[in-house]
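Heads up, the thing below is written out as structure tokens.
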Amino acid sequence: MEKQVKDVYNNSARLKELMTASPMTAAQHAAINRKRIHDRRMLEDARERRSNANELF
């Protein structure tokens, strides 16, 4: 199975845009982290279910 590789060089933001953007609030950061953790747990659970199903056969 091939791993998906992120294209880290595909960022089109200009330096001025990055430097003048308002910082992320704590609530926004927490929401992003909660979503990231939720997605990772769903993926881990799916992998575990798949491996358990394969062990039965």
For a quick test of your reading: what N or O donor-acceptor pairs under 3.5 Å do the side chains of residues 23-40 make, sequence neighbours left out?
residue	atom	partner	partner atom	Å
Thr25	OG1	Gln28	N	3.1
Thr25	OG1	Gln28	OE1	3.4
Gln28	OE1	Thr25	N	2.9
His29	ND1	Asn33	ND2	3.3
Asn33	OD1	Arg36	NH1	3.4
Lys35	NZ	Asp39	OD2	2.8

Partners meeting side chain to side chain contact (heavy atoms under 4.5 Å, CB included) with Arg47 (sequence neighbours left out): Leu43, Arg50

So salt bridge (Lys or Arg N to Asp or Glu O under 4.0 Å) across residues 14-29, not counting sequence neighbours, yields none

